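These numbers were taken from a predicted model, which means no experiment stands behind them.
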Amino acid sequence: MKQHKVAFVFTCICGLFAVVASTCVGTSGVCVPTTSVYNDWTLSYTNDFVSDVPDNWRYSGNPGSDPSQGCWLPSHVTTQSGNLVLEGYQDKCGAWNVNESQWTTVWATGGISVPFAQTYGKYEVRMKADKGKGFSIVALLWPTADVWPPEIDFVEDGGDGSRSAYSATLHYGSDNNQLQNTTDQDTSNWHTLGVEWTEGLLKYTYDGDIWSVTASSDVPAMDMVLDLQTQSWACGNEWESCPDGSVSFNNMYVDWVAIYEYSPGSKPIQPTAAPESSAANNEANTLEHSSSAISILSQFSISLTICVVLSV
């Protein structure tokens, strides 16, 4: 009987740890940071996408001056199982077809702009993307003044479909000068991709390790925000690939994002609350987190009761 009691207690302890471990929402295997583990950086914003993003974060329309055969639709931005999903598939968008009295069907994709602005910072995106030709993935910093250049792309590929390499590019100057670095690293599985942006310096990171450094007086010194997007390219461009019909959909997945403020010598602090578009969103998030806490406490109570009964 004593051996059985020990076994029961061990099982209960394991169950309690399982309850605690299950509180991290997401499927990437790495939880969203709650404090900074980096010297000189304080955590100022996180989002683990447990609820839909506000409508005013979502892209809509055609991709500016980029050669593209697609468009961005707000409906192609979803959240699933604690992940942001930017969906690429054929949808009615683009030009109006007079003969058919409907929008032309094109390869539509999704994108968001996170409204947390700062000058200089460290950015981390826990992400992956489906393989499939013709769909580019991008994580970038964009000026809040909505001028271009500058632009800091810290993740971008040409949509060749392999997800076996990507580039990081600083765009600057009226002629769109570029300082670009490329790495042969995977983006088809979960990884944490990022950039450290300080005065005159960009450090590009992959799972916490710096893989390239750009030092230049042309590094921007203005408020910028984090943008995440996918894009289908037009055919005939030497530097990008267009969809060839080999896949019917292509998605980019983001488990979480973390943004840090550059604070030399500072100690880790808790992040501030994520910006919301309305009081209704704040109320919804409060209810959601309260429900999660009640659920966890209930599971803990049930597990503890079972432990007590089994150990008697």
Side-chain angles (χ1 to χ4, degrees), residues 27 47 49 51-115 125-142 146 148 151 153-163 166-167 169 171 187-188 193 225-255 257 277:
T27 57
N47 196 323
F49 302 106
S51 58
D52 285 341
V53 300
D55 289 342
N56 60 355
W57 291 21
R58 302 169 187 237
Y59 285 14
S60 180
N62 297 98
S65 60
D66 286 340
S68 175
Q69 67 162 350
C71 69
W72 287 309
L73 288 176
S75 60
H76 284 235
V77 177
T78 65
T79 52
Q80 304 171 23
S81 303
N83 297 319
L84 171 72
V85 184
L86 306 179
E87 301 178 339
Y89 56 88
Q90 287 190 315
D91 207 342
K92 295 189 185 313
C93 189
W96 180 257
N97 188 317
V98 177
N99 295 327
E100 298 180 8
S101 297
Q102 64 179 7
W103 295 107
T104 304
T105 298
V106 298
W107 290 99
T109 55
I112 69 167
S113 184
V114 179
V125 181
R126 185 73 177 172
M127 61 176 283
K128 70 173 183 176
D130 294 329
K131 294 182 179 181
K133 191 174 182 180
F135 298 88
S136 174
I137 58 172
V138 191
L140 65 112
L141 302 181
W142 184 264
D146 204 24
W148 185 88
E151 176 182 346
D153 301 321
F154 59 94
V155 180
E156 183 175 26
D157 68 12
D160 70 352
S162 68
R163 307 298 186 214
Y166 68 91
S167 64
T169 308
H171 297 259
T187 56
S188 66
L193 313 181
V225 294
L226 172 66
D227 286 5
L228 304 169
Q229 66 188 54
T230 56
Q231 185 172 336
S232 59
W233 291 102
C235 298
N237 297 303
E238 59 180 327
W239 61 91
E240 290 106 5
S241 300
C242 64
D244 61 359
S246 57
V247 295
S248 58
F249 70 92
N250 191 276
N251 297 340
M252 172 175 154
Y253 308 86
V254 180
D255 188 8
V257 299
S277 61

Apply the side chain to side chain contact (heavy atoms under 4.5 Å, CB included) test between V53 and each candidate in V77, T78, V114; give the one that qualifies.
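In the set V77, T78, V114, the residue that makes a side chain to side chain contact (heavy atoms under 4.5 Å, CB included) with V53 is V77.
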
If I take atom [atom1] from residue [X] and atom [atom2] from residue [Y], how far apart are they, to the nearest 0.5 angstrom?
X	Y	atom1	atom2	result
K92	T105	NZ	OG1	3.5 Å
T27	Q80	OG1	CD	10.0 Å
N251	K128	CG	NZ	10.0 Å
I112	L84	CD1	CG	4.5 Å
K131	S162	NZ	OG	7.5 Å
K133	D160	NZ	CG	8.5 Å

Which residues satisfy the side-chain hydrogen bond (donor to acceptor under 3.5 Å, both in side chains) test with [X], sequence neighbours excluded?
X	result
S113	D227
T169	Q180
Y166	W211

Q | Working for side chain to side chain donor-acceptor pair (under 3.5 Å), residues S167 and D153 | A | CA-CA 8 Å; S167 64; D153 301 321; over 6 Å; no

Contact summary for [X] and [Y], nearest pair of heavy atoms:
X	Y	result
D91	S75	OD2-OG, 4.3 Å
C93	L73	SG-CD2, 3.8 Å
C71	N62	CB-ND2, 3.8 Å
S136	E156	OG-CG, 4.2 Å
P243	W107	CB-NE1, 3.6 Å
I137	A129	CG2-CB, 3.7 Å

TODO: Give the intermediate values and the outcome of side chain to side chain contact (heavy atoms under 4.5 Å, CB included) for residues L86 and Y59.
DONE: CA-CA 11 Å; L86 306 179; Y59 285 14; over 6 Å; no

Mind checking what makes salt bridge (Lys or Arg N to Asp or Glu O under 4.0 Å) contact with D157, not counting sequence neighbours?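 Salt bridge (Lys or Arg N to Asp or Glu O under 4.0 Å) check on D157 returns R163.
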
- Could you please spell out the steps behind the side chain to side chain contact (heavy atoms under 4.5 Å, CB included) verdict for Q229 and L140? CA-CA 9 Å; Q229 66 188 54; L140 65 112; 3.6 Å; yes

Taking ring-ring contact (aromatic ring centres under 6.0 Å, His included) as the definition, give me every residue that meets it alongside F154, ordered by chain and number, with sequence neighbours left out.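 Expected list: none.
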
Counterpart residues, ring-ring contact (aromatic ring centres under 6.0 Å, His included), relative to Y89 (two or more places apart):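 Expected list: H76.
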
If we ignore hydrogens and angles and just use 3.5 Å, is the side chain of [X] paired with the main-chain N or O of [Y] as donor and acceptor?
X	Y	answer
T109	T230	yes
N83	V85	no
N250	D130	yes

Quick one: do V257 and L228 satisfy side chain to side chain contact (heavy atoms under 4.5 Å, CB included)? Show the steps, please. CA-CA 10 Å; V257 299; L228 304 169; 4.0 Å; yes

Mind checking whether S232 and F135 have side chains closer than 4.5 Å, heavy atoms only?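 A side-chain contact exists here, since the closest heavy-atom pair is under 4.5 Å.
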
**Study point:** Stepwise side chain to side chain contact (heavy atoms under 4.5 Å, CB included) check, Q231 with V138
**Key:** CA-CA 8 Å; Q231 185 172 336; V138 191; 5.5 Å; no

